[in-house]
Peer 1: 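Structure provided below as structure tokens; questions to follow.
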Amino acid sequence: MILTKWPMQTRPTRILDGNLIMRKIPLEKIRNIGIIAHIDAGKTTTTERVLYYTGKTYKLGEVHDGTAVMDWMVQEQERGITITAAATTCSWNDYTINIIDTPGHVDFTVEVERSLKVLDGAVVVFCGVGGVEPQSETVWRQADRYNVPRVAFVNKLDRTGSDLSMVIEQIYRRLAANAAAIQIPYGKEADFKGIIDIIERKLFIYKDDLGKDIQEQEVPAELAGEVEKCRTILIEKLAEVDDSIMEDYLHGKEISNDQLKKAIRKTTIACQFVPILCGSAFKNKGVQLLLNAVCDYLPAPVDVAAIKGTNPETGEFEEIKASDSAPFCGLCFKVATDPFVGKINYVRVYSGSLKAGTYAYNTTHREKERVTKIVKMHANRQEIIEEVHTGEIAGVVGLKQTKTGDTLCTKENPILIEAIHFPEPVIQQAIEPKSKDAQEKLGLALHKLEEEDPSFKVTYNQETGQTLIAGMGQLHLEVIIDRILREFNVEAQVGFPQVAYRETISKSVKSVGKFISQSGGRGQYGHVVLEMEPQDTPGAGITFEDKIKSGAIPREYISPVKQGIFGAAKSGVLAGYPVTDVKVVLVDGSYHEVDSSELAFKMAASIGFNDGLRAARSVLLEPIMDVEVIVPEEYMGQVIGDLSSRRAKIVSLAQRNNLRTIRANVPLAEVFNYATALRSLTQGRASYTMEPSFYAEVPSHIAEKIISGLTSTGARK
């Protein structure tokens with residue numbers, strides 16, 4: 001019997017010119033990871049344990065107590081949920097791990113989106129009881145989109161009803177992942193005492209409550225068969241994607257531990273395999289082994305594919321290789337406002353290095369920006385550093401024009417990295433200051449919040465004179481409004497939530513737009529012929545194509561035509577909602593040598609587009625939400641009946657232990673304040689999750705009410 005303890009580690013530093021300077025870490029020893037999961041799976045608790053065992057903190061923070069280091073916002077501490085992605089850096093066994101703890105609630109999914117854009121790997125946390133939940137699928141698809149290698153951590157195995165094999169089965173079935181366990185629990189539910197390593201065939205028993213006294217033992221004889229069975233499954237899953245494992249397996253050769261580890265690392269980095277680990281972060285079990293897996297199996301910056309960008313001068317694609325000797329290139333993936341230093345831009349450095357006091361070139365806006373200070377972030381705390389290197393993530397202070405998604409580089413070697421995709425808001429509210437004095441403060445607060453959060457939009461309705469704020473859900477807007485009132489100290493009042501409807505066409509048409517004005521002197525003349533058709537792919541938005549031949553319209557007027565179309569698309573002809581999913585092709589037109597102008601063609605395009613909407617039988621679209629309700633059996637009938645009254649389409653019914661799950665597609669307009677209704681129907685015993693899924697046509701009788709203004713809020717009455 002060997003007694004093993006994992007030492008608590010701190011990252012070595014040195015002092016230079018009074019500033020704290022991080023030691024330069026080899027690229028191979030850097031891990032940039034995100035912690036992603038469904039809400040309440042235990043992401044932040046896992047991150048808190050990581051910080052404790054790596055020596056970054058000396059006290060365990062708890063989400064339910066509001067003492068979690070990574071949940072630093074007042075709103076996070078009060079609600080017990082993560083709202084904003086928080087970054088930190090720690091060290092483990094000579095590896096430097098940059099961690100981003102992301103929210104699990106769908107209203108803040110933009111934080112996951114922009115984090116995955118810049119991360120090299122991810123830890124996906126699953127609840128040992130809940131398994132693969134709706135937001136688990138969402139974050140998994142986001143990781144697929146950015147080709148992010150990941151390891152899975154099945155958490156909460158100390159809970160009643162937890163079942164690792166059930167979660168693994170759901171990972172196979174719901175996520176279609178090639179995955180296998182490399183660990184299994186020793187003991188079940190309340191008797192969960194340790195973890196068995198399938199590769200090493202070792203048992204790790206936790207002897208104290210803090211999880212620091214760990215005893216390494218041989219696997220008990222009664223579990224040896226189970227371990228060999230799991231090891232065989234692991235080898236079979238690896239053989240599907242690794243030729244060397246396949247060859248040895250078919251020839252009946254013994255596969256060594258080193259072979260297995262090398263194969264796991266290789267296939268994980270290639271996104272062909274997902275190793276599954278287990279534990280209970282709250283009970284301090286399994287986190288050190290998870291850290292070992294992060295270092296062993298997730299990639300360093302040099303292991304992932306080179307990031308691609310376009311040269312703004314030539315338009316050609318170029319690759320950015322991770323190297324300190326290459327010219328500096330980085331991506332701003334997040335903007336935050338700090339009460340002491342002002343705006344902080346979170347930057348991932350892909351190549352080269354950036355020093356404080358120097359300049360960076362913003363390729364997106366073609367602006368030169370001065371870097372006044374560089375800081376390493378630890379949630380909301382900062383540590384001043386002199387320089388940030390390839391593969392690292394840091395906060396940059398002093399940038400004026402740089403926004404989320406902007407590329408920073410050197411002016412001599414400009415490159416433009418593809419911007420981050422952000423979803424469109426689905427819900428909006430009116431907000432107005434209570435006094436004239438508060439008007440300027442409100443405008444400043446909204447500008448800062450819009451800069452921080454790309455999924456939060458602010459518009460001004462000219463007809464009603466109202467300022468409208470739009471977001472991803474009720475909770476999103478609640479948090480925004482709470483921050484306006486408390487953080488920015490603005491006295492404001494808000495209206496009821498409204499649905500962010502859209503408008504589109506139902507058939508293809510040809511439309512003519514003419515703008516002719518003659519009021520003495522030089523006139524105005526613009527004439528365009530447009531072909532308009534619905535997009536093949538929902539969510540494609542408005543696209544413009546120029547098919548002008550023989551110079552019917554001079555080239556200098558094509559851009560104003562496009563501007564006119566996109567300007568008109570901001571407000572449809574039915575009820576003033578934005579137009580989406582329309583392909584517009586400019587096929588013909590005419591001009592006057594004297595009277596034609598950019599303004600005339602812009603107006604002609606706007607007229608032609610609006611006439612086309614009318615001719616193409618424009619229809620209203622509404623956001624449809626993917627809702628999953630978890631309800632005790634005895635209340636299932638009432639919940640399904642209530643959903644049916646809300647125009648829901650039931651997608652599936654399933655059993656989860658002693659509970660039933662109902663998956664349905666429901667219009668957003670019908671589920672405002674659904675939490676209250678569900679609580680009253682089930683005596684508070686049911687829970688639900690909801691996320692935007694797609695847009696669908698509004699039924700004609702409801703559309704008529706919206707258009708005529710009878711449903712003033714756009715919400716269920």
Side-chain angles (χ1 to χ4, degrees), residues 16-17 19-32 87 89 96 98 100 114-115 117-120 299-336 341 343-377 382-420:
L16 181 65
D17 297 332
N19 288 326
L20 196 58
I21 306 299
M22 287 290 182
R23 188 188 71 182
K24 182 68 182 74
I25 304 295
L27 271 172
E28 295 76 16
K29 295 284 188 178
I30 292 177
R31 299 289 183 269
N32 292 312
T89 300
T96 293
N98 297 312
I100 297 181
R114 59 179 168 192
S115 299
K117 172 76 174 177
V118 299
L119 291 170
D120 301 325
V302 290
D303 296 323
V304 294
I307 195 86
K308 291 180 174 63
T310 54
N311 187 313
E313 309 299 334
T314 63
E316 295 179 357
F317 278 97
E318 294 181 2
E319 286 192 345
I320 305 163
K321 292 185 179 178
S323 170
D324 281 329
S325 59
F328 166 70
C329 178
L331 181 74
C332 172
F333 66 95
K334 178 179 170 70
V335 177
V341 301
K343 190 168 79 168
I344 299 176
N345 294 77
Y346 287 68
V347 175
R348 160 69 194 265
V349 180
Y350 287 107
S351 66
S353 59
L354 182 65
K355 289 184 179 181
T358 60
Y359 286 88
Y361 182 66
N362 184 324
T363 320
T364 311
H365 298 291
R366 307 289 180 98
E367 294 277 353
K368 197 175 179 182
E369 295 265 52
R370 179 169 170 78
V371 177
T372 57
K373 189 161 63 172
I374 300 175
V375 293
K376 275 286 182 188
M377 299 301 300
Q382 301 130 28
E383 180 181 323
I384 298 173
I385 59 174
E386 194 68 26
E387 188 174 5
V388 61
H389 300 273
T390 302
E392 296 182 337
I393 294 171
V396 178
V397 180
L399 308 181
K400 304 295 184 188
Q401 305 298 325
T402 303
K403 296 181 173 61
T404 300
D406 287 0
T407 305
L408 296 171
C409 57
T410 62
K411 194 168 185 179
E412 296 74 28
N413 302 92
I415 193 165
L416 190 61
I417 299 172
E418 182 186 5
I420 308 170

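When a residue number appears, it is its place in the shown sequence, counting from 1.
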Peer 1: Here's a test for you: under side-chain contact (heavy atoms from CB on, under 4.5 Å), which of Val396, Val388, Val118 qualifies with Val347?
Peer 2: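 So the option named by the test is Val396.
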Peer 1: Pairing donors with acceptors under 3.5 angstrom, does anything connect the side chains of Thr402 and Asn345?
Peer 2: no
Peer 1: Which distance, rounded to the nearest 0.5 Å, do you find between the OH of Tyr359 and the NZ of Lys368?
Peer 2: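 Here the interatomic distance stands at 6.0 Å.
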Peer 1: What's the verdict on side-chain contact (heavy atoms from CB on, under 4.5 Å) for Glu369 and Gln401, showing C-alpha distance, side-chain angles and the deciding distance?
Peer 2: CA-CA 8 Å; Glu369 295 265 52; Gln401 305 298 325; 3.5 Å; yes
Peer 1: For Arg370 and Gly357, indicate whether the former's side chain and the latter's backbone hold a donor-acceptor pair under 3.5 Å.
Peer 2: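 Yes, Arg370 side chain to Gly357 backbone: donor-acceptor pair under 3.5 Å.
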Peer 1: Ignoring hydrogens, what is the shortest heavy-atom contact between Met377 and Val375? Give both atom names and the distance.
Peer 2: SD-CG2, 3.6 Å
Peer 1: Considering all heavy atoms of both residues, which atom of Thr404 and which atom of Ile420 are nearest to each other, and what is their separation?
Peer 2: CG2-CD1, 4.3 Å
Peer 1: Once salt bridge (charged side-chain N to carboxylate O under 4.0 Å, His left out) is applied, do any residues pair with Asp120, and if so which ones, sequence neighbours excluded?
Peer 2: Arg348
Peer 1: Nearest 0.5 Å, what's the CD1-CG distance between Ile307 and Leu331?
Peer 2: 7.5 Å
Peer 1: Look up atom CD1 in Ile393 and atom CG in Asn98, then write down how far apart they are to the nearest 0.5 Å.
Peer 2: 5.0 Å
Peer 1: Are the side chains of Leu354 and Glu387 in touch, meaning some heavy atoms are under 4.5 Å apart?
Peer 2: no
Peer 1: Identify the two heavy atoms, one from Ile417 and one from Thr407, that lie closest to each other, and give their separation to 0.1 Å.
Peer 2: N-OG1, 2.9 Å
Peer 1: If you draw the axis of the six-membered ring of Phe333, does the NZ or CZ of Arg114 fall within 45° of it and under 6.0 Å from the ring centre?
Peer 2: no
Peer 1: Measure the NZ-CD distance between Lys411 and Glu367 for me, rounded to the nearest 0.5 Å.
Peer 2: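 CD of Glu367 is found 9.5 Å from NZ of Lys411.
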Peer 1: Which residues satisfy the side chain to side chain contact (heavy atoms under 4.5 Å, CB included) test with Thr410, sequence neighbours excluded?
Peer 2: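 Once residues adjacent in sequence are excluded, the partners of Thr410 under the side chain to side chain contact (heavy atoms under 4.5 Å, CB included) criterion are Pro327, Phe328, Glu412, Asn413.
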Peer 1: Within the 4.5 Å heavy-atom criterion, are Ile374 and Ile384 side-chain neighbours or not?
Peer 2: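 No, every pair of side-chain atoms sits at 4.5 Å or beyond.
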Peer 1: Which pair of heavy atoms, one from Tyr350 and one from Lys117, lies closest together, and at what distance?
Peer 2: OH-O, 3.5 Å
Peer 1: Looking only at heavy atoms, what is the nearest atom pair of Thr372 and Val397, with distance?
Peer 2: OG1-O, 2.8 Å
Peer 1: How far apart are the closest heavy atoms of Lys400 and Lys343, and which atoms are they?
Peer 2: O-NZ, 3.1 Å
Peer 1: Taking atom OG1 of Thr310 and atom CG of Leu416, what is their separation to the nearest 0.5 Å?
Peer 2: 4.5 Å
Peer 1: Quick one: are Lys321 and Ser351 in side-chain contact, heavy atoms under 4.5 Å?
Peer 2: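 Of all side-chain heavy-atom pairs linking Ser351 with Lys321, none is under 4.5 Å.
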Peer 1: Check whether any side-chain heavy atom of Glu392 sits under 4.5 Å from a side-chain heavy atom of Pro301, and report yes or no.
Peer 2: no
Peer 1: Between atom CD1 of Ile415 and atom NZ of Lys308, what is the distance when rounded to the nearest 0.5 Å?
Peer 2: 11.0 Å
Peer 1: Evaluate side-chain contact (heavy atoms from CB on, under 4.5 Å) for Val335 paired with Ile344, printing each intermediate quantity in order.
Peer 2: CA-CA 6 Å; Val335 177; Ile344 299 176; over 6 Å; no
Peer 1: Any side-chain donor-acceptor pair under 3.5 Å between Glu318 and Asn311?
Peer 2: yes
Peer 1: Would Asp406 and His365 satisfy side-chain contact (heavy atoms from CB on, under 4.5 Å), going step by step from the backbone distance to the final call?
Peer 2: CA-CA 8 Å; Asp406 287 0; His365 298 291; 2.9 Å; yes
Peer 1: Check step by step if side-chain contact (heavy atoms from CB on, under 4.5 Å) holds for Arg31 and Thr96.
Peer 2: CA-CA 6 Å; Arg31 299 289 183 269; Thr96 293; over 6 Å; no
